[in-house]
K.L.:
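To start, I am sharing the structure in question, which I have written as structure tokens.
What you are looking at is a predicted structure, and each value in this text was computed from that prediction instead of being measured.
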Amino acid sequence: MRVCLSTLNAKYIHSSLALRYLKAFSEQDFPDICMKEFTIKDVPISIATSIYAAKPDVVGFSCYIWNIEETIPVIRILRKILPDVKIVLGGPEVSYDVKEWMERIPEVDVIVVGEGEQTFHHLLKEFAGRERLHLVPGIALREGERVVISGPRDKVNLGDIPSPYTDAEDLQSLVPRVVYFECSRGCPFSCSYCLSSIESGVRYFPIERIKADLRRLIDAGVKTIKFVDRTFNINRQYALDIFDFLIQNHKGTVFQFEITADILKPEIVDYLSENAPPGLFRFEIGVQSTNDITNSIVKRRQNFAKLSGTVSGIARSGKIAQHLDLIAGLPEEDYASFRNTFNDVFALRPEELQLGFLKMLRGTGVRFEADKYGYVYMDQAPYEILSNQVLSFDDVIRIKRVEDVLEKYWNAHRTDHAILHLIASEFDTAFDFFQEFGDFWETNGWSRIGHQLEDLYIRLYRFLCKRSVRQLQLAKDLLKLDYLSQYSYKPRALWWEERLDKQEVAALFKQVISDPEAFFGTNPPVKTFSEAELHKHCMVEQLSFDVYRYLTNGSLIPLTDQNKELGQLVAYFPAQGEHSKASLFGYHPPKMEHISRQRYEVFPVGKVEYLS
């Protein structure tokens with residue numbers, strides 16, 4: 001019996017853990033199993049054609065909110081070109097409101113409800129034998145015109161699931177992709193907007209099995225492993241054991257975890273600060289809301305003070321990038337309250353702040369109580385809210401504008417220097433900056449047209465001009481610094497007009513050659529300089545503040561005509577094979593010898609100190 005397991009990932013770089021579990025659990029009895037992964041951007045007929053070529057007897061689709069609507073057209077084509085094939089659906093999206101799905105998609109034969117490994121294996125045995133599907137627990141099936149749901153299946157012992165990562169050919173295909181990995185299933189918390197809250201308790205895979213799988217992936221050269229455990233650090237010793245194993249064995253692989261920050265023990269933070277190599281770990285931390293009433297309604301236990309302390313402690317180590325999540329549209333959080341939530345979390349200066357909107361997921365408590373809080377939401381996946389009794393659709397639209405510019409600017413780290421200055425000096429709060437800029441972006445119709453990198457700087461500068469910010473030149477100079485720091489090569493075009501003339505540049509380069517330490521300190525980007533090499537690899541700009549002081553300690557010191565040479569910024573763009581992006585330097589003459597010299601390629605986010 002030929003079996004084809006398939007799913008539509010959100011992006012090509014993603015991979016499906018579910019398909020690999022199903023294959024691993026069943027392939028001993030059913031060796032003719034293939035996996036076919038596509039993306040939601042692929043054309044349905046192309047997907048169906050690829051599956052058709054495998055000549056399957058059974059096709060199984062793994063379904064989620066991001067792919068169900070794109071999967072349905074594929075199913076309908078398959079039913080027409082493979083009329084006798086058995087079509088099975090599984091996954092969190094179809095495990096709830098099962099009869100509704102069976103009625104909406106009559107082409108489907110069976111839906112697997114909940115955990116799929118044992119159930120799918122049992123189902124294959126029945127397809128290959130007497131087809132006594134009513135004896136298979138954990139499915140929805142058709143009996144004539146009726147949809148019948150069999151009894152529930154007991155949870156699988158996780159130690160009984162074979163490793164999903166043993167096939168050498170498959171391992172090689174995963175090297176450039178994001179590999180999803182789990183140490184446990186379940187969640188100890190009961191947040192009513194999350195499917196994980198429905199299953200009580202946490203089950204763990206044997207830790208030696210986990211280490212063996214991780215070592216196999218690391219040895220294969222996988223670049224990124226994302227742990228999907230809902231609260232990785234709920235078991236302190238288990239988490240510490242895995243962290244230690246990865247620190248000792250990582251070989252350059254990067255690991256991402258979902259962390260509950262307010263219960264992360266200080267000794268773990270200290271251990272990671274002392275032992276983890278920079279960039280090895282990334283933490284995703286769900287904050288969602290800082291409104292206590294809202295958190296109480298959705299049954300979310302959170303100590304924001306402890307969370308803040310943990311996030312700040314991790315940030316001080318400078319070793320672990322942090323991605324913090326917010327959800328707009330939770331019960332009883334109106335626009336003003338969400339503004340406070342955003343500002344509370346942005347004050348922690350995370351490397352990434354993801355602003356999402358509440359999804360009324362099937363099976364969750366918030367969906368069951370939708371009427372109580374006046375929710376209006378999309379009929380089809382992803383079931384995103386449109387409004388509720390305290391948040392109008394106008395409010396939702398405005399917050400979406402914040403999300404848009406937040407993603408383009410802050411999360412992409414294209415204008416960190418300028419944004420931090422603007423928030424500190426020109427706008428009441430971080431949210432107000434992103435909201436006003438998002439409104440300006442929409443007013444100009446930019447959401448409907450594409451952009452080049454320089455357009456992002458031009459548009460932000462146009463917004464600042466329109467708003468008449470108090471320190472426009474300073475903001476513009478910080479934008480210049482941000483712009484140059486984005487490049488690994490000397491940019492061909494600049495978005496600003498004022499430049500040093502050729503004579504000034506030549507004179508400055510001669511000064512660099514005669515006294516490189518005044519610009520580059522004791523750690524220059526190259527050992528020797530010539531004027532030709534400087535012209536090839538360097539750009540100089542005159543800024544309105546002391547560049548060296550800003551790059552070394554974040555102080556913004558305005559200049560006068562008497563000391564304007566301190567505003568000379570030198571951007572060094574590396575030759576191929578050197579550094580990934582430009583290194584920035586400021587003029588540092590011998591008279592400033594009392595200030596220690598250092599070279600800063602990347603300025604730490606959030607370190608800026610504003611001096612009058």
Side-chain angles (χ1 to χ4, degrees), residues 10-11 13-14 66 178 180 223-233 253-262 264 269 272-273 276 278-290 302 304 307-328 338-339 341-359 399-423 429-431 433-435 437-438 441 453 456 460 482 485-486 580-581 602-608:
K11 298 178 181 179
I13 197 173
H14 298 168
W66 65 77
V178 177
Y180 294 90
K223 299 293 189 295
T224 304
I225 297 176
K226 182 173 181 178
F227 289 74
V228 295
D229 306 72
R230 303 314 298 170
T231 305
F232 180 79
N233 59 304
T253 302
V254 173
F255 306 92
Q256 183 169 328
F257 303 88
E258 295 190 25
I259 297 293
T260 301
D262 56 343
L264 186 65
V269 175
L272 295 176
S273 298
L280 177 65
F281 297 140
R282 300 173 185 164
F283 286 175
E284 181 175 344
I285 297 170
V287 183
Q288 322 311 5
S289 174
T290 60
Q302 177 171 270
F304 186 67
L307 183 152
S308 299
T310 300
V311 170
S312 298
I314 293 170
R316 281 192 297 272
S317 78
K319 292 184 173 182
I320 299 173
Q322 297 181 93
H323 166 132
L324 272 56
D325 294 330
L326 300 179
I327 298 178
F338 185 76
R339 175 179 180 268
T341 284
F342 184 99
N343 288 325
D344 288 342
V345 178
F346 192 87
L348 299 175
R349 298 294 187 263
E351 281 78 9
E352 186 172 349
L353 177 57
Q354 181 173 320
L355 197 173
F357 291 78
L358 179 64
K359 312 292 191 294
I399 297 173
K400 279 188 174 292
R401 295 173 188 167
V402 173
E403 177 197 23
D404 186 33
V405 293
L406 178 74
E407 194 67 29
K408 287 182 173 70
Y409 287 83
W410 180 259
N411 289 344
H413 293 292
R414 291 183 172 123
T415 56
D416 289 357
H417 298 283
I419 286 176
L420 289 171
H421 163 69
L422 292 167
I423 290 170
T429 72
F431 184 87
F433 163 73
F434 288 109
Q435 184 68 84
F437 185 30
W441 187 282
L453 179 63
L456 294 173
L460 178 50
D482 280 317
S485 70
Q486 295 294 305
S580 58
K581 287 189 178 180
V602 180
F603 185 72
V605 172
K607 187 185 173 185
V608 177

K.L.:
Using the side-chain contact (heavy atoms from CB on, under 4.5 Å) rule, take Q288 and D325 through it: C-alpha gap first, then chi angles, then the decisive distance, then the call.
P.N.:
CA-CA 6 Å; Q288 322 311 5; D325 294 330; 3.7 Å; yes
K.L.:
For the CZ atom on R339, are there more than 12 heavy atoms of other groups (residues, nucleotides or ligands in this structure) within a distance under 6.0 Å?
P.N.:
yes
K.L.:
Roughly how far, to the nearest 0.5 Å, is CZ of F433 from CG of N343?
P.N.:
13.0 Å
K.L.:
What do you reckon, are the aromatic ring centroids of F346 and W410 less than 6.0 Å apart?
P.N.:
yes
K.L.:
Scan residues 308-324 for pairs that pass salt bridge (Lys or Arg N to Asp or Glu O under 4.0 Å), counting only residues two or more places apart or in two chains.
P.N.:
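As it turns out, there is no salt bridge (Lys or Arg N to Asp or Glu O under 4.0 Å) pair with a partner in residues 308-324 once direct neighbours are skipped.
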K.L.:
Measure the shortest side-chain to side-chain distance between F283 and N233 over non-hydrogen atoms and say whether it is less than 4.5 angstrom.
P.N.:
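No, side chains not in contact.
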K.L.:
Flag the pair Q435 / R401 as yes when at least one side-chain heavy-atom distance between them is below 4.5 Å, and no otherwise.
P.N.:
yes
K.L.:
Calculate, to the nearest 0.5 Å, the distance between atoms CD and NZ belonging to Q486 and K581 respectively.
P.N.:
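Atom-to-atom, Q486:CD and K581:NZ are 4.5 Å apart.
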K.L.:
Roughly how far apart are I419 CD1 and F437 CZ, rounded to 0.5 Å?
P.N.:
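Reported to 0.5 Å precision, the distance equals 8.0 Å.
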K.L.:
What's the separation between atom OH in Y409 and atom CZ in R414, rounded to the nearest 0.5 Å?
P.N.:
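Taking OH in Y409 and CZ in R414, the distance rounds to 8.5 Å.
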K.L.:
Indicate yes or no: at least one non-hydrogen side-chain atom of Q302 is less than 4.5 angstrom from one of V287.
P.N.:
yes
K.L.:
Side chains of L348 and S308: does their closest heavy-atom pair fall under 4.5 Å?
P.N.:
yes
K.L.:
Starting at CD of E258, measure out to CD of Q256 and round the result to the nearest 0.5 Å.
P.N.:
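That separation rounds to 8.0 Å.
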K.L.:
Should V269 and L264 count as side-chain neighbours, where that means a heavy-atom distance under 4.5 Å?
P.N.:
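Heavy-atom side-chain distance check passes, below 4.5 Å.
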K.L.:
Evaluate the side-chain proximity of F257 to D229: yes if any heavy-atom separation is below 4.5 Å, no if none is.
P.N.:
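No, side chains not in contact.
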K.L.:
Are E284 and E352 close enough that some pair of their side-chain heavy atoms sits under 4.5 Å apart?
P.N.:
no
K.L.:
For the backbone of A261 and the side chain of T310, can you confirm whether one donor and one acceptor N or O come within less than 3.5 Å of each other?
P.N.:
yes
K.L.:
Given side chains that start at C-beta, do those of I399 and F342 come closer than 4.5 Å, heavy atoms only?
P.N.:
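No, too far: nothing below the 4.5 Å cut-off.
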K.L.:
CD of E403 to CG of L353: how many Å apart, nearest 0.5 Å?
P.N.:
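Result: 10.5 Å between the selected atoms.
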